[in-house]
Amino acid sequence: MVLPTPRLSFAVLGLGALAGIAAFFPSVVPVWLVFGATLIGAVAWDLAHIVPPSSVRVERSAPPVMSHGASHRVVLTFQHGARHVAEVLIEEVWPPSVKPERALLTVRVPPSVVTDVTYTVTPSRRGELSLPPAALRTKGPLGLVAVQLAAAIPGSLVRVYPKLTDVAHYELAARRSLRADVGLSSIRALGPGTEIEGLRDYAPDDEYRRIDWKATARRGRPVTRELRDERTQHVTILIDAGRLGAAELGASRRIDHAVDSALLLANVASVRGDRVGVLVFDREVRRYVPPSRASRAVVPRIARALFDVDALPVEPDYERAFRYLLAHDRRRSLLVLFSDVLSPESSEALVSQLAQTRGRHLPLCVAIADPALLAAARKPIRTAEDVYHVAAARELCAEREAALRAMRARGVLTVDVPPDRATPAVVSRYLELKARRLL
């Protein structure tokens with residue numbers, strides 16, 4: 001399809017303006033004729049020398065798996081065998097949940113030369129994304145006309161997984177107990193394990209009594225023994241994908257923060273030798289991964305189970321979720337539930353179900369707070385309108401705190417934290433429970 005460019009449109013407008021002047025001043029008619037003939041010749045010459053888009057080969061190289069919130073590189077490769085330089089214009093149309101560094105790309109492609117153009121994209125939502133075909137447009141050397149080819153780049157599918165960029169950092173913290181590096185509180189264990197898990201190079205913060213001197217002599221460098229607890233516990237992570245999970249907390253939803261924290265907690269727990277499983281529910285059970293100790297495979301398995309989990313605006317059925325869990329796993333477990341509470345009345349079903357599990361399990365509720373509500377409750381009062389807003393926010397915060405107190409009064413452990421602190425807070429609590437031998 002041949003299209004006029006803005007440059008040609010301005011030239012035609014100039015020709016029309018000149019025609020209007022020639023209507024009143026006949027002496028301008030020869031100028032108008034020359035200008036019109038020149039423009040027609042220029043358009044014909046541009047069409048003759050344009051590189052047709054069908055002769056331009058384009059390939060898109062994008063990661064088939066991405067992490068939400070992380071930047072990923074996309075490479076477009078151009079090549080053609082025409083005699084002239086190709087002026088290529090292409091617009092990448094990503095879904096709304098993906099923010100490209102630039103969507104409109106202009107590139108000059110010399111003949112028989114492979115030309116790469118790179119840009120980055122940052123997905124903000126998990127799930128499977130469909131990238132539609134992209135159209136390609138080439139301009140003539142004078143920039144007067146362009147030829148467009150639809151679907152020059154075929155569409156593709158991209159899977160956006162939970163954020164995995166911090167997994168290695170938390171895994172290192174779990175192995176070396178460098179918890180301050182990732183915002184974890186310092187925890188004094190009651191005593192190290194006695195079962196040797198393996199050997200690794202000495203780190204500056206390692207205890208001298210853990211150095212394996214025989215291995216050090218063999219390797220010629222300090223080597224430390226890694227110890228673990230003799231008993232392997234079960235950790236089951238529950239994610240509320242109901243209406244509370246759908247709440248927008250800044251740039252992400254509550255369920256997005258829950259999934260990220262759950263994945264990192266699963267990684268740390270598997271490194272510590274525990275069996276880790278995940279259950280996602282709303283009014284019914286949506287996903288279930290039984291507890292597994294395969295530390296190298298458990299995090300990818302959980303990531304695959306959670307990558308497209310979304311929250312629905314429905315009331316969660318806590319009784320069904322816990323009944324399903326108790327039917328499929330009877331071993332004593334640490335139950336880590338990611339959700340939130342609103343008031344003692346609205347949270348009674350949740351509190352009741354968590355309290356009933358105390359005979360067999362150790363329940364821990366991670367309540368991810370709304371930063372906007374907390375900020376509104378702390379807002380200085382300057383106008384009469386602020387009085388009502390602040391009073392309403394403080395009342396909601398008071399009801400939420402009353403629900404958490406009721407939960408703690410019935411023996412349920414809680415972590416009340418804003419979304420940006422959810423991961424270090426829940427990992428710290430897990431490590432504390434592990435150190436106190438409460439699992």
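The figures here come from the full heavy-atom set of this structure, side chains too, leaving out hydrogens, waters and symmetry mates.
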*Any side-chain donor-acceptor pair under 3.5 Å between Tyr324 and Glu284?*
no

*Going by atom types alone, do Gln356 and Ser352 pair a side-chain donor with an acceptor below 3.5 Å?*
yes

_Under 4.0 Å between a side-chain nitrogen and a carboxylate oxygen: does that hold for Arg254 and Glu248?_
no

*Check the surroundings of atom CD in Glu59: do more than 12 heavy atoms from other residues, nucleotides or ligands lie under 6.0 Å from it?*
no

_Donor-acceptor contact present, side-chain Asp386 to main-chain Arg382, <3.5 Å_ = yes

_Checking Arg408 against Thr414: is there a side-chain donor and acceptor pair closer than 3.5 Å?_
yes

*Looking only at side chains, do Ser124 and Ser97 share a donor and an acceptor under 3.5 Å apart?*
no

*asked:* Given Val147, which partner from the list Leu3, Thr138, Leu136 fulfils the side chain to side chain contact (heavy atoms under 4.5 Å, CB included) test?
replied: Thr138

*Heavy-atom count around Tyr388 OH within 6.0 Å, excluding the residue itself: above 12?*
no

*Minimum side-chain heavy-atom gap His257-Ser252 below 4.5 Å*: yes

*Supply the atom-to-atom distance Arg400 CZ to Ser346 OG, rounded to the nearest 0.5 angstrom.*
11.0 Å

*asked:* Regarding Glu315 and Arg283, does a basic nitrogen lie under 4.0 Å from an acidic carboxylate oxygen?
replied: no

